[in-house]
S.K.: 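Handing you a structure now.
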Number of protein chains: 2
Amino acid sequence: MEERQVELCRVEDALSILVGKWKPIILLHLLHEGTHRFNELKRKLPGITQKMLTKQLRELEAEDIVERTVFPQVPPKVEYSISEYGQTLEPILEAMHEWGTNHTLRKRQIEQNKDEQ
Amino acid sequence: MEERQVELCRVEDALSILVGKWKPIILLHLLHEGTHRFNELKRKLPGITQKMLTKQLRELEAEDIVERTVFPQVPPKVEYSISEYGQTLEPILEAMHEWGTNHTLRKRQIEQNKDEQ
DNA sequence: CGGTATCCTAGTGGATACTG
DNA sequence: CAGTATCCACTAGGATACCG
């Protein structure tokens, strides 16, 4: 029984890594479009500040989800990519993406039904 | 291209519903063990306060994930269960649970390797 | 180019006490 | 039993400015 309790909590591990306003979308970009430079990623995330992008990437790096490669040159060049371990998150991300898409459709339908009445 | 951008963001819908310190574990209890009364659920969530349990349940109810049934009697009786729509979250929850379990194992192995050196 | 540093605000979550 | 009502600490996230 207690074992069950402990088991249930494991969900939070995945959640804690994925939570963050920009983390899921960062991961999807890296998964689907491969390695990015810092500013390249920034351009794909309209509205994000440098500070936030740095912070989210650092946290993902600390969890071994994202790999950071620094090229020692001037001007600086830093590349980010999904780690092998990070790729194991894909099923979760895809499941969330699919659910989210249906969720949006559902909301629209509910809106429409409201309008028709 | 822009369509792609919009698509990517759908992940956040799922995330926003699942995020909350107690939500995933509440949902798993309701999914696996069925309908619960308020205090029954509270007993299964060591450490949660009444306020937090109420808040999380209300938020899940607002999103149509959880159903709340009030029995008009004294003393009060309120039952919570997963809605039909809430059940569609199961694949995500299971994917997160599985990942989290492997994640814990992986961490332990890394710890062991550290100790052995 | 790829960051830090500083300051700020809103919201999340907890402790505690009270209630129909 | 199943909640509210307060008050409070902490953090996430944003705006802005500066740096090697």
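Basis for what follows: all heavy atoms, side chains included, without hydrogens, waters or symmetry-related copies. None of these values were measured; they are calculated from a predicted model.
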S.K.: Mind checking side chain to side chain donor-acceptor pair (under 3.5 Å) for B:Trp99 and listing every partner two or more places apart, or none if nothing turns up?
M.R.: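 Expected list: A:Thr88.
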S.K.: Quickly work out the A:Arg68 CZ to C:dC1 P distance and round it to whole Å.
M.R.: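 To the nearest whole Å, that distance equals 16 Å.
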S.K.: Could you tell me how far apart A:Leu60 (CG) and D:dA12 (P) are, to the nearest whole angstrom?
M.R.: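 Those two atoms, CG and P, are 13 Å apart.
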S.K.: Within this structure, what is the NZ-to-C1' distance between A:Lys23 and D:dA12, rounded to whole angstrom?
M.R.: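 Answer to the nearest Å: 10 Å.
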S.K.: Taking only side-chain N and O atoms of A:Arg58, does any of them lie within less than 4.0 angstrom of OP1 or OP2 on C:dG2?
M.R.: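 A:Arg58 to C:dG2 OP1/OP2: no side-chain N or O under 4.0 Å.
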S.K.: Kindly write out the residues that satisfy salt bridge (charged side-chain N to carboxylate O under 4.0 Å, His left out) with A:Glu111, not counting sequence neighbours, or none if the list is empty.
M.R.: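 Scan of A:Glu111 (salt bridge (charged side-chain N to carboxylate O under 4.0 Å, His left out), adjacent residues dropped) gives A:Lys114.
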S.K.: Do B:Leu15 and A:Leu15 touch side chain to side chain, with heavy atoms closer than 4.5 Å?
M.R.: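 Yes. Closest side-chain heavy atoms under 4.5 Å.
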S.K.: Which whole-number value in Å describes the distance from B:Leu57 CG to C:dT12 P?
M.R.: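 The answer, rounded to whole Å, is 16 Å.
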S.K.: Tell me: CD of B:Glu79 to C1' of D:dC1, nearest whole Å?
M.R.: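 Those two atoms, CD and C1', are 13 Å apart.
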S.K.: I'd like to compare against my own output: the B/S/- annotation of nucleotides 13-20 of chain D with a strict under-4.0 Å heavy-atom distance to protein.
M.R.: BBB----B
S.K.: Got a list of side-chain donor-acceptor pairs under 3.5 Å for residues 71-84 of chain B, not counting sequence neighbours?
M.R.:
unit_1, atom_1, unit_2, atom_2, d
B:Tyr80, OH, B:Arg58, NH1, 3.4
B:Tyr80, OH, B:Arg68, NE, 3.2
B:Ser83, OG, B:Asp64, O, 2.6
B:Ser83, OG, B:Ile65, O, 3.0
B:Ser83, OG, B:Tyr85, N, 3.3
B:Ser83, OG, B:Gly86, N, 2.8

S.K.: Please report, rounded to the nearest Å, how far the P atom of D:dT4 is from the NZ atom of B:Lys42.
M.R.: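 Taking NZ of B:Lys42 and P of D:dT4, I get 14 Å after rounding.
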S.K.: Quick one: salt bridge (charged side-chain N to carboxylate O under 4.0 Å, His left out) pairs with a partner in residues 94-105 of chain B, sequence neighbours left out?
M.R.: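 Pairs touching residues 94-105 of chain B that pass the test: none.
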S.K.: Which atom names give the shortest non-hydrogen contact between A:Leu30 and A:Val66, and what distance separates them?
M.R.: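 Heavy-atom minimum between the residues: CD1-CG2, 3.8 Å.
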S.K.: May I have the distance from A:Leu53 (atom CG) to D:dA12 (atom P), rounded to whole angstrom?
M.R.: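 The answer, rounded to whole Å, is 17 Å.
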S.K.: What contact category does A:Lys77 fall into here, base, sugar-phosphate, or nothing, at under 4.0 angstrom with non-hydrogen atoms?
M.R.: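 Result for A:Lys77 = sugar-phosphate.
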S.K.: With A:Lys23, which residues qualify under side chain to side chain donor-acceptor pair (under 3.5 Å), at least two apart?
M.R.: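 Result, side chain to side chain donor-acceptor pair (under 3.5 Å) vs A:Lys23: A:Glu59.
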S.K.: Looking across every strand, which nucleic acid part, if any, lies under 4.0 Å from A:Phe71 by heavy atom: base, sugar-phosphate, or nothing?
M.R.: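 The residue A:Phe71 makes no contact with any strand.
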S.K.: Any side-chain N or O of B:Arg37 less than 4.0 Å from the OP1 or OP2 oxygen of D:dA2?
M.R.: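 Checking D:dA2 against B:Arg37, a side-chain N or O does come within under 4.0 Å of OP1 or OP2.
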S.K.: To the nearest Å, how far apart are B:Phe38 CZ and D:dA2 C1'?
M.R.: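 Rounding to the nearest Å, CZ of B:Phe38 and C1' of D:dA2 are 6 Å apart.
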